[in-house]
Structures are given as C-alpha cells and as structure tokens.
Protein chains: 2
Amino acid sequence: MSRSKSDEAQQAKPLSRIQETNRKAILEAALDVFAISGFRGATIDEIATKAGMSKPNLLYYFKSKRAIYQQVLEQTLSDWLAPFAELDPTGDPVEELRRYITAKLKMSEKNPNASKLFANEIIHGAPVIGDFLKTSLKTLVDEKAKVIRYWVGEGKLAPVDPYHLIFMIWATTQHYADFDVQIRAVVGSQAGRPGFADQAAQAVLTIILNGIRPRQ
Amino acid sequence: MSRSKSDEAQQAKPLSRIQETNRKAILEAALDVFAISGFRGATIDEIATKAGMSKPNLLYYFKSKRAIYQQVLEQTLSDWLAPFAELDPTGDPVEELRRYITAKLKMSEKNPNASKLFANEIIHGAPVIGDFLKTSLKTLVDEKAKVIRYWVGEGKLAPVDPYHLIFMIWATTQHYADFDVQIRAVVGSQAGRPGFADQAAQAVLTIILNGIRPRQ
DNA sequence: CATCCGCTTGACCGTTTGGTCAAAACAGAC
DNA sequence: GTCTGTTTTGACCAAACGGTCAAGCGGATG
C-alpha cells in the first residue's frame, strides 16, 4: 500500500496546520450528515455549517460533494475492516471469532454513523466502492474463508459455509448500528441503559458461537 | 383493523378499473425507485416514466411524492410482518423458527426491494413509520418475545434473550436483500447460480438453530 | 351530434442546491 | 509598512426538482 507519486489527488505538498484542522472538521461533519441523510439527501451547506464554515470555504478544501463523500468513505472502510484482517489462523477458532464479533459490536456502538454510511452506500448499489468490493474486499474475504474452512477441516468448528458465516457476523453486528432506531423503538427505554450493549453482545455471541461449536 | 368512515384520505368512492391499474403501476414503480435511490434521491419523474405515464398524470393519482412513499411503505410493511405474526406458541419451537426464517429468506430473495425500502427508512431515522414502530410493532414483538421466553422456560430452547434472537433473525435474513451488491461482489459469479439461495438458507438455519437448540 | 366527465399533458413556477468567481480579509516574511 | 500567498466570503448562476394549472383528449350517455 505504498503511496506512489502519481497517487491521484494527493500532491506531495504538506498540509498546513489550518488545512489539517479544517479538513478534519469537514470529514467529521460529513460523516454525520451523510450517515443520516445519505449522499443525495446531504447538502454541502449543512456539512459546512456543522464544520463551522461557509459553503464556498468548504469547497476550497474539497472540490465537490462527491470528493468529500469518497474521502470519508475510504477513511471509514479501513478502520472497519481492520479487526477482520486480524483473524488469526493459529489461534483458537471460537476465541478468535469471539474477539472479532466483540470488536465489531463495540465499533457499532461507538461509531454507528460509520456503519450507516457504509450501509447506505451498499444499499444504493455501491456506486463509489463497488470496485473495492470486487477486488480488495473479495481477496480479503476469500483469504479468511480459507482460514475458516481450515478450522472446520481440523474439526475445531462445526461444518459450516465460511462465506455465510462471515455474512452472518456482518449482518448481526451492523444491525445494531444501522437499525438502532428500530431497536430503540421496540425495546423502549431499556436501549439507553448502560448494560444493554453487553446484553446484546452476550446474546449474539451465545447463539453464533454455540451455532458453530463442533458437536459430537 | 376495520376501516372507519373517517379513515384518512380514503373516501368511500370505489376505484375505477383504470384507476386501479394505474395506482398499482405507480406503486410498483415507486417501490423500485425508492428502494434504489431512497426518498430524497428518487424523483417523481423517474417513477412516472417507469410507470408509463407523465409526471402530472402521476400527481393526479397521488397528491405528493410523500403520499406515494407512505402508501408503498405501509403496503410493504404488512406483507413483511405477516410470517412473524404466525409464529405459533403451540408448535415445536425449532420448527416454528425454521419456518419463519425460511419464509423471511424467501421474501428477501423474491422481493429485495421491499427490504431495501424498509432499511432505508429506518437508517434515515424512520421519519414516516417511527410511530408505527413504537406502537404496533413493539406490541407484536413483545408478544412474540413472551412466546420465545415461554419456550425457553419449558426447556425447549437454550436460554437466550428473545429480543436479541428476533433482531438476529431480522438482521441475517434482511442482509441478503439489503447487501446483495456486496454479497455478489464478494462471492462472484456463484451468487447468480440457482442453488445459492438454498445454500445461504441452509447455513443460516444451521447456525441459528444449533445456536438455540437446548444443550445438556 | 352534443354534452359531460374522468383522464392526460405541455408549459410553467418557485425553491433548493451544487458549484463558480472575484474580491476582501488575513497571515507571515522582509 | 509593504508585499505575497493563503484563507474566507457574499453574490451569483444553471440545473434539477416538486408541484400547479389551464387546456386538451376520449369514451360513455343522451
């Protein structure tokens, strides 16, 4: 992942202090706005106001709405996939998956907007990260699927299709971020209480881990 | 659910043949467009064109974009929840849940746009169906949670929080509709093959049902 | 043929919004 | 203070879009 000199839109010029803080403020504001309103629903004006500057000023730092979106999406993606990449073939399968699921749930709790941003992009057909999904992500998933298949072969996991197991983990963990409004509506005031996230984690871990633990 | 005479926006006037077909065409087109583009992203023009009529003509049948959205959302919701309401307390728990999950997966496969429409609405904060979630849906879920808790009490299911089990089933089944683009990107050409949906169903059922089957 | 009424449409309007631009404000170097 | 490059902004533009309206169309009824 070395940054070649022809890396698009990234001149060697070092960012000034003021540029750095402003770009950061914009990206943070953009994450919130894009997550809640989607790409089409978000307006540059709203992002600018939330970032504490005027619209033309924002466009001085990013040349278009799409450019902001792309940047914040890319930045989010690597954070998002980091714990997945860390699944360790030499570790204990159940423990490895427990760690991964726990990490993912914690991320959904701490930064639900990142999850919503991603969900929005996918639901709308992944116009921006479609290529990434078909190349980098696919490669990564294929690799981890092999690991899971190996674990199954060793008898350390019940026989289960690795891809669908991965999808299931993604679905379940992200659900708590993407559908938080529905969850809050259904369980009422309980959702705010401090223990709720732990309770969710315990339930999810119980079902999935029991579901894939080898039985004899 | 009897339709009172003061039922909003629903006069007693019977719909003519042409009205019926046109309204149906509009709602079908609207489902597609809203699911892919979201509420803000969808345009009346696109819906009208897809329904085979002009924009003013569409607005002759529905008084606003929001009215179409509301209608198609409501219509979708009842279909969507029907199999959930049919969970039978007197049946065998594992078989009941198998039936429910299978039905839900089939719906996601047959009508992914309905799922995407719903997902979009929730992610954006459920501005239209927020009240419904907090009243009707909550009541229904509370009721079914009691059923699951009863099953657990009878020793017919492993001890598991009913709400989180329900969320997990929703998350997993809807994932195959909402995130189909990502799934297709990751598994490649396999996703198109006829057996893929069955394979997914088998994996999901295996994990969840093994996860909640009583162990001793 | 004339009338009526449900259906359809082209033309139009006001608002929102992404994006531009030229000029002003500012900051630092000398 | 002056000069130079960076940052900020008010004013503006063109396109897209939701929605309106008055006029046209067409088939059933008399």
Side-chain angles (χ1 to χ4, degrees), chain A residues 9-73 120-121 124 127-128, chain B residues 9-73 120-121 124 127-128:
Chain A
Q10 186 73 22
Q11 293 300 58
K13 231 185 274 176
L15 298 181
S16 75
R17 178 62 39 91
I18 197 165
Q19 277 177 332
E20 210 163 313
T21 58
N22 274 347
R23 290 178 73 99
K24 206 178 134 197
I26 291 170
L27 292 176
E28 270 170 31
L31 175 58
D32 287 354
V33 176
F34 280 133
I36 291 168
S37 305
F39 179 76
R40 285 286 289 267
T43 71
I44 298 184
D45 246 326
E46 196 185 343
I47 298 173
T49 302
K50 213 162 197 164
M53 69 188 71
S54 67
K55 181 171 72 164
N57 198 16
L58 183 150
L59 287 168
Y60 171 74
Y61 291 101
F62 291 88
K63 75 173 205 294
S64 69
K65 185 181 173 182
R66 186 156 220 102
I68 313 171
Y69 181 71
Q70 212 145 349
Q71 180 81 27
V72 69
L73 197 54
N120 244 314
E121 164 75 5
H124 294 10
V128 171
Chain B
Q10 187 72 22
Q11 293 299 58
K13 230 185 275 176
L15 297 180
S16 74
R17 178 61 40 92
I18 196 165
Q19 277 177 332
E20 209 163 315
T21 58
N22 275 348
R23 290 179 72 99
K24 207 177 135 199
I26 291 169
L27 291 176
E28 270 170 31
L31 176 58
D32 288 354
V33 175
F34 281 133
I36 291 168
S37 304
F39 179 75
R40 284 286 288 269
T43 71
I44 299 183
D45 245 326
E46 196 185 344
I47 299 173
T49 303
K50 211 162 198 165
M53 68 188 69
S54 66
K55 180 171 69 163
N57 198 15
L58 182 148
L59 286 168
Y60 171 75
Y61 290 102
F62 291 87
K63 77 173 203 296
S64 70
K65 184 182 173 183
R66 185 154 222 102
I68 313 171
Y69 181 70
Q70 214 145 348
Q71 180 81 26
V72 68
L73 198 53
N120 245 313
E121 164 75 4
H124 293 10
V128 172

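Letters go in sequence order (proteins before strands), and every chain restarts at 1.
Considering only side-chain N and O atoms, A:N57 lies nowhere under 4.0 angstrom from the phosphate OP1 or OP2 of D:dT7. The phosphate of C:dG6 (OP1 or OP2) has no side-chain N or O of B:Q19 nearer than 4.0 angstrom. For the pair A:Y60 and D:dT7, the criterion of a side-chain N or O lying under 4.0 Å from OP1 or OP2 is met.
Contact annotation for A:F62: no contact, since no heavy-atom pair falls under 4.0 Å across all strands.
Between B:L58 atom CG and D:dG18 atom P the separation is 11 Å, expressed in whole Å. A straight line from CD1 of B:I68 to P of D:dG19 spans 8 Å, rounded to a whole angstrom. Atom CD1 of B:I18 is separated from atom C1' of D:dG27 by 10 Å (rounded to the nearest Å). At whole-Å resolution of the value, CE in A:M53 and P in D:dT7 are 12 Å apart.
At least one side-chain heavy atom of B:R40 sits under 4.5 Å from a side-chain heavy atom of A:T43. At a threshold of 4.5 Å between non-hydrogen side-chain atoms, the residues B:P127 and B:R66 count as touching. Proximity of A:K65 to A:I47: side-chain heavy atoms (C-beta onward) are nowhere separated by under 4.5 Å.
Relative orientation of the A:F39 and A:F34 rings is parallel, given thresholds of 30° and 60° on the angle between their planes.
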Between the protein and nucleotides 17-20 of chain C, which nitrogen or oxygen pairs come in under 3.5 angstrom?
{"unit_1": "C:dT17", "atom_1": "OP1", "unit_2": "B:R40", "atom_2": "NH2", "d": "3.0"}
{"unit_1": "C:dG18", "atom_1": "OP1", "unit_2": "A:A42", "atom_2": "O", "d": "3.0"}
{"unit_1": "C:dG18", "atom_1": "OP1", "unit_2": "A:K65", "atom_2": "NZ", "d": "3.0"}
{"unit_1": "C:dG18", "atom_1": "OP2", "unit_2": "A:I44", "atom_2": "N", "d": "3.1"}
{"unit_1": "C:dG18", "atom_1": "N7", "unit_2": "A:K55", "atom_2": "NZ", "d": "3.1"}
{"unit_1": "C:dG19", "atom_1": "OP2", "unit_2": "A:K65", "atom_2": "N", "d": "2.7"}
{"unit_1": "C:dG19", "atom_1": "N7", "unit_2": "A:K55", "atom_2": "NZ", "d": "3.4"}
{"unit_1": "C:dG19", "atom_1": "O6", "unit_2": "A:K55", "atom_2": "NZ", "d": "3.0"}

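Contact between B:A29 and B:K50 at its shortest, heavy atoms only, is CB-CB, 3.8 Å.
From B:I68, atom CD1 reaches atom CG of B:L58 across 4.5 Å, with rounding to the nearest 0.5 Å.
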